[in-house]
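All remarks here apply to the structure that follows.
Here the structure is a predicted model, which is why all the values come from computation and not from measurement.
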There are 2 protein chains.
Amino acid sequence: MNDATSALGALAHQGRLSVFRMLVQAGGEGLAAGEIARRLGTPPNTLSANLNILSHAGLVASRRAGRSIIYTADYERMGALLGFLVEDCCGGSPEICAPLALIAERAAACCVPGDRP
Amino acid sequence: MNDATSALGALAHQGRLSVFRMLVQAGGEGLAAGEIARRLGTPPNTLSANLNILSHAGLVASRRAGRSIIYTADYERMGALLGFLVEDCCGGSPEICAPLALIAERAAACCVPGDRP
DNA sequence: CATATATTTCCATTAACGTGGAAGTATGGA
DNA sequence: TCCATACTTCCACGTTAATGGAAATATATG
């Protein structure tokens with residue numbers, strides 16, 4: 001995965017990070033571009049450009065529904081990015097594991113079904 | 001942590017990502033700027049600029065040793081960045097946990113002392 | 001002090017990013 | 001067909017990033 005930089009670059013922007021967070025929260029249903037623009041107060045063309053960047057980085061996918069275009073976060077790609085970062089750090093040096101243990105625990109806790117009503 | 005974008009931006013560059021990986025691998029001892037430049041074949045001034053960006057993002061620290069300046073990766077900061085990304089994703093939506101479980105397992109395995117001679 | 005080594009800072013140039021107005025394309029409804 | 005809605009693409013502008021040559025700074029050594 002040499003294009004980790006493209007994903008990192010896509011997220012290295014306050015507006016795009018907000019969009020991505022919103023889409024992750026929205027889940028599989030996703031959100032229409034206009035709805036995102038409305039919530040964030042971004043002009044539609046600016047948002048479109050940023051969605052395009054996220055899309056080229058593989059972090060979001062889009063489908064048409066009526067006259068809206070629905071964007072969804074690509075969990076697999078995000079997981080791959082995190083995997084790259086973690087392996088790149090943890091695989092290279094055990095010292096980094098102290099903070100990672102916390103993360104792992106949180107991730108494990110989040111996977112228990114039914115603990116989030 | 002609103003400055004996640006600065007850390008992401010610092011890593012969203014092929015050259016800087018290579019530098020950071022190298023420093024993580026180098027461990028607590030770190031590496032002199034010149035050594036990094038030599039290994040990567042980067043002109044010293046270009047490298048210096050990139051180290052400065054990584055430093056401002058909090059991802060590396062530096063100390064002087066003789067006439068060399070030794071750079072080290074800041075594990076805590078990197079852990080915080082990963083924590084932010086994971087919480088931002090996993091905390092918002094359980095669906096992302098599938099890929100994260102793998103990461104957690106790898107991170108846990110990497111923390112067992114003595115498995116890496 | 002003179003010199004060599006190690007890095008940084010200064011500077012100029014080129015490329016890329018971010019932004020939003022205006023026009024264009026697709027869909028749905030009267 | 002005509003119109004409204006929902007996005008996108010085109011374009012132009014200003015801002016920021018990336019690069020490396022040349023000079024400056026800091027340290028060590030003879």
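When atom types are taken as modelled, the side chain of B/Tyr75 and the backbone of B/Val24 share a donor-acceptor pair closer than 3.5 angstrom. With hydrogens and angles disregarded, no donor-acceptor distance shorter than 3.5 Å links the side chain of A/Arg16 to the backbone of A/Leu47. Within the 3.5 Å criterion, the main-chain N or O of A/Gly66 finds a donor-acceptor partner in the side chain of A/Arg64.
OP1 or OP2 of C/dG20 has at least one side-chain nitrogen or oxygen of A/Thr46 nearer than 4.0 Å. Between C/dT8 and B/Tyr71, a contact under 4.0 Å exists linking OP1 or OP2 to a side-chain N or O. Under 4.0 angstrom from either OP1 or OP2 of D/dT27 there lies no side-chain N or O belonging to B/Ser68.
Residue order along DNA chain C, read from the 5' end via each residue's closest nucleotide, puts A/Ala12 first among A/Gly66 and A/Ala12.
No engagement by B/Leu51 is indicated, since no non-hydrogen atom pair under 4.0 Å with the nucleic acid exists. A/Pro43 comes within contact range of the sugar-phosphate backbone alone, with a heavy-atom separation under 4.0 Å but no base atom that close. Within the 4.0 angstrom heavy-atom criterion, no nucleotide atom of any strand lies near A/Leu47. Among the heavy atoms of the strands lying under 4.0 Å from B/Ala32 are primed sugar atoms or P, OP1, OP2 only; no base atom is included.
B/Arg63 has its CZ atom 16 Å from the C1' atom of C/dT7, to the nearest Å. Whole-Å rounding puts the A/Leu40 CG to C/dT19 C1' distance at 15 Å. In this structure, the NE2 atom of A/His56 is 15 Å from the C1' atom of C/dA16, given to the nearest Å. The CD atom of B/Gln14 sits 16 Å away from the C1' atom of D/dA17 (whole-angstrom rounding). At whole-Å resolution of the value, CG in B/Leu11 and C1' in D/dA17 are 16 Å apart.
Of the candidates C/dT7, C/dG18, D/dT8, the closest approach to any side-chain atom of A/Arg16 belongs to C/dG18. You'll find that the side chain of A/Ile69 is closest to D/dC7, out of D/dC7, C/dG20, D/dG20. When distances run from any side-chain atom of A/Ala33 to the nucleotides C/dT19, D/dT27, D/dT8, the shortest one goes to D/dT8. Closest to the side chain of B/His13, out of D/dA18, C/dG28, C/dT8, is D/dA18. Among C/dT19, C/dG29, D/dC7, the nucleotide with an atom closest to any side-chain atom of A/Arg67 is C/dG29.
For B/Asn45 against D/dG21, a side-chain-to-base donor-acceptor contact under 3.5 Å is present.
Residues A/Thr5 and B/Leu17 are in side-chain contact: their nearest non-hydrogen atoms beyond the backbone lie under 4.5 Å apart.
Separating the CG atom in B/Asp3 from the OG atom in B/Ser6 is a distance of 4.5 Å, to the nearest 0.5 Å.
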